[in-house]
Structure formats: C-alpha cells, structure tokens
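Here is the naming used below: chain letters follow the sequence lines, and residue numbers restart at 1 for every chain.
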There are 2 protein chains.
Amino acid sequence: MQELGAAGHKLTGKRRAIVEILLAEERHWTAKEILVKLRARFPAVSFDTVYRNLSLLKQMGLVHEMVLGDGGSRYKLCYSQDHHHHLVCLGCGQTLEIPVCPMQQISGMGLSCKFKITGHRFEVYGYCEGCSSP
Amino acid sequence: MQELGAAGHKLTGKRRAIVEILLAEERHWTAKEILVKLRARFPAVSFDTVYRNLSLLKQMGLVHEMVLGDGGSRYKLCYSQDHHHHLVCLGCGQTLEIPVCPMQQISGMGLSCKFKITGHRFEVYGYCEGCSSP
DNA sequence: AAACTAAATAAGAATATTTCTGATTTAGCG
DNA sequence: CGCTAAATCAGAAATATTCTTATTTAGTTT
C-alpha cells in the first residue's frame, strides 16, 4: 500500500478498496468481479475507475494481467517479483504458480538470430477441485 | 480445399477465396487483414463472413487462432497437425513454429492432482528482421 | 485551517472486436 | 430445373475496454 504513496500517487478510498479486494483473495479477478465487490462499498463507482487503477498497478508491477482466450482479462496482485507463470481455474480464477518458464528451454534454440524477442506468454487452464468442468 | 466438401460444407467463392488468401502467405492474419484482401475480389463481403469461415476452419482444425494480449486475434492455416507453438512477429504476423511444448516439462510436476487441466497457451512475441521494434 | 494543485473520479460517449438476427441467396444434389 | 440446407448480407447487438470533459479530492503549502 505504501508503494503507491512513494511513487507520487494518491491513496484514495477507492484505490485503497481495490487493493484490499485483491489482497483479500489471492486469485485472478475479472474487472467485473472487482467492480461488483467495490460497489458494495461505493455504489456509484465506475468501470473506468477499476480499469484505471488496474492499469496503474500493472504498470507499477504490482498486478499481473492474464489475457484469456475469450476476450477478457483477469488480474491478480503479485508481490512475488520473480518471474513465473500460472495455472488458472477457469471457473473461479484460483491460481497456482508454475515456477518453470519455457523460455529457458527456448533460449538455446537460436531463435533470437531471426527475431528480436520482446515477450512471451505461458498459461495453463483448467478447473480446480471445487469447479467441475462445464 | 477438398476437406471442406468432404465434411458436407459448400465451397463458395468467398470461402475458397479466404482459403486462397491464407494459402498465399504463411503467416498469422488478423480478421481485418483478411477482410481487406477479400474485398479486392468481393467488394461487398461482410466481416461476418470472414469470422464465420475462420470459425469453421478452426473447428475443423485447419486454422490456428492466436489470441493476442491487445484483445485481437490472428489466424493462420495450419496443415502440420502435430502440436506446436509459435513465435510471432507483432509487426507483420510472420511466424516461426516452435517444436517444443512446455507441457512436457509440466506433466511431471503433479499439478493434475489439484487441477483438471483442459488447455494451455504458449506464445513468443517479437519483431522479425524486416519489422523493427516500435 | 483555508487555499492550492496535480491526481483521481464520474458519466457517458466512443472504439474495437466479435457474435447474433432475420431475410435473402446459392451450392450441390436429385 | 427445382429443392434444401448451407452460406451470405445488412445491420443490430454484445462485450470489453478506453477516451473526453467537467468535477472532486488527497496531499501539500501558506
């Protein structure tokens, strides 16, 4: 929470509430889920506020965004700064961290002669014990 | 092309043209790029037709869809049926196939006790020699 | 404590991508 | 040639996200 003030950002009630929501459940949230939860405390809060804050937190490296195949994204607080990937439950958003990164395997393949590699994505999808497959 | 007829699908001029466009350049296309190219031959063709045909081809396993982080997708004809991943140029859509799948590394980790794994995605992004980084 | 300023928010419009609806056309077949 | 299911069109609709302008607010200064 103090990271925000340090970087010259204001700690508004809504911003604090969004961080608290993310802190309370360590899973990947959709923007809509966050909005619904946030409206319990601030009934008139806008979607824009959710996205603006998620964007700020993402930019600061405090939030991880996972882009799903259906056009939506999920967001999760991410204090462990070391690089990792996720296994995500498509039902509830619960995640497991995967300590392996496939780029280690890739780096020896000489792909970088032909391409300037700027990023990668590795995500595993499934359903946790509580959420049965649809 | 004959796969379509065999499965009881009609080979319309527009469908044929879409496949020909994909055949002509072996890269990942955006839906809009395909539409523009298609309109050179059929000026009044609709977006719907592009998406409908891509969806059909994807469902038949003839086309690979790559969902990008910016909310859009790219599509590529995909005759090599063996499982692989891609390195994609974010400028022009040119791709390199990556024969490695990180799931091989993952399968020994015992994640499947906790999750029923239904899918995964591994994509590497970059810029090819022709497209310099923005 | 009042004033100030840059940051944050509200409200709703705008954008982009993709899907749907209902009417019309067409490919392939008998 | 005529039939029928599949494909297409035109435009509306759904979805997710971003932008615009005016207003409010947190943190600082006086």
Review point. Should B:Arg41 and B:Glu20 count as an ion pair when the cut-off is N to O under 4.0 Å?
Key: yes
Check your understanding: With nearest nucleotides of DNA chain D determined for B:Lys10 and B:Ser46 from heavy-atom distances, which residue corresponds to the more 5′ nucleotide?
Key -> B:Lys10
Review point. For A:Arg52, which contact category applies under a 4.0 Å heavy-atom criterion: base, sugar-phosphate, or nothing?
Key: base
Revision key, fill the gap. Given the options B:His86, B:Lys76, B:Glu123, B:Thr95 meets side chain to side chain donor-acceptor pair (under 3.5 Å) only with B:Lys76
Review point. Which residue lies toward the 5' end of DNA chain C, B:Ser73 or B:Gly13, if each is placed at its nearest nucleotide?
Key: B:Ser73
**Study point:** Test item: B:His85 side-chain N/O and B:Phe122 main-chain N/O as donor-acceptor pair under 3.5 Å
**Key:** yes
Check your understanding: Under the 3.5 angstrom rule, does the side chain of B:Glu33 hit a backbone N or O of B:Thr30 as a donor-acceptor pair?
Key -> yes
Review point. On DNA chain D, which is the earliest and which the latest nucleotide, 5' to 3', with an atom closer than 4.0 Å to a heavy atom of chain A?
Key: D:dA16 to D:dG27
**Study point:** Value in whole Å for how far the P atom of C:dT9 lies from CG of A:Leu54
**Key:** 11 Å
Study note, to complete from the structure: The single option from A:Arg74, A:His64, A:Gln94 that satisfies side chain to side chain donor-acceptor pair (under 3.5 Å) with A:His28 is A:His64
Review point. Atom CZ of A:Phe42 to atom P of C:dA10: distance rounded to whole Å?
Key: 9 Å
Check your understanding: Is a donor on one side and an acceptor on the other found under 3.5 Å between the side chain of B:Arg39 and the backbone of B:Val45?
Key -> yes
Check your understanding: Expressed in angstrom and rounded to an integer, what is the separation of A:Leu56 atom CG from C:dA6 atom P?
Key -> 18 Å
Exercise for review: Quickly work out the A:Leu57 CG to C:dA7 C1' distance and round it to whole Å.
Suggested key: 15 Å
Revision key, fill the gap. Atom CZ of B:Arg15 and atom C1' of C:dT26 are separated, to the nearest Å, by 12 Å
Check your understanding: Would you say C:dT17 has OP1 or OP2 under 4.0 Å from some side-chain N or O of B:Lys32?
Key -> yes
Point to revise | First of B:Gly72 and A:Lys14 reached from the 5' end of DNA chain C, by closest nucleotide | key: A:Lys14
Exercise for review: Please work out if B:Asp48 contacts a base, only the sugar-phosphate, or nothing of the nucleic acid, heavy-atom cut-off 4.0 Å.
Suggested key: base
Review point. Between B:Tyr75 (OH) and C:dT17 (P), how many Å, whole number?
Key: 11 Å
Check your understanding: A:Leu38 has an atom CG; how far is it from atom P of C:dA8, in whole Å?
Key -> 16 Å
Review point. Quick one: does B:Arg15's side chain have a donor or acceptor within less than 3.5 Å of a partner on B:Lys10's backbone?
Key: yes
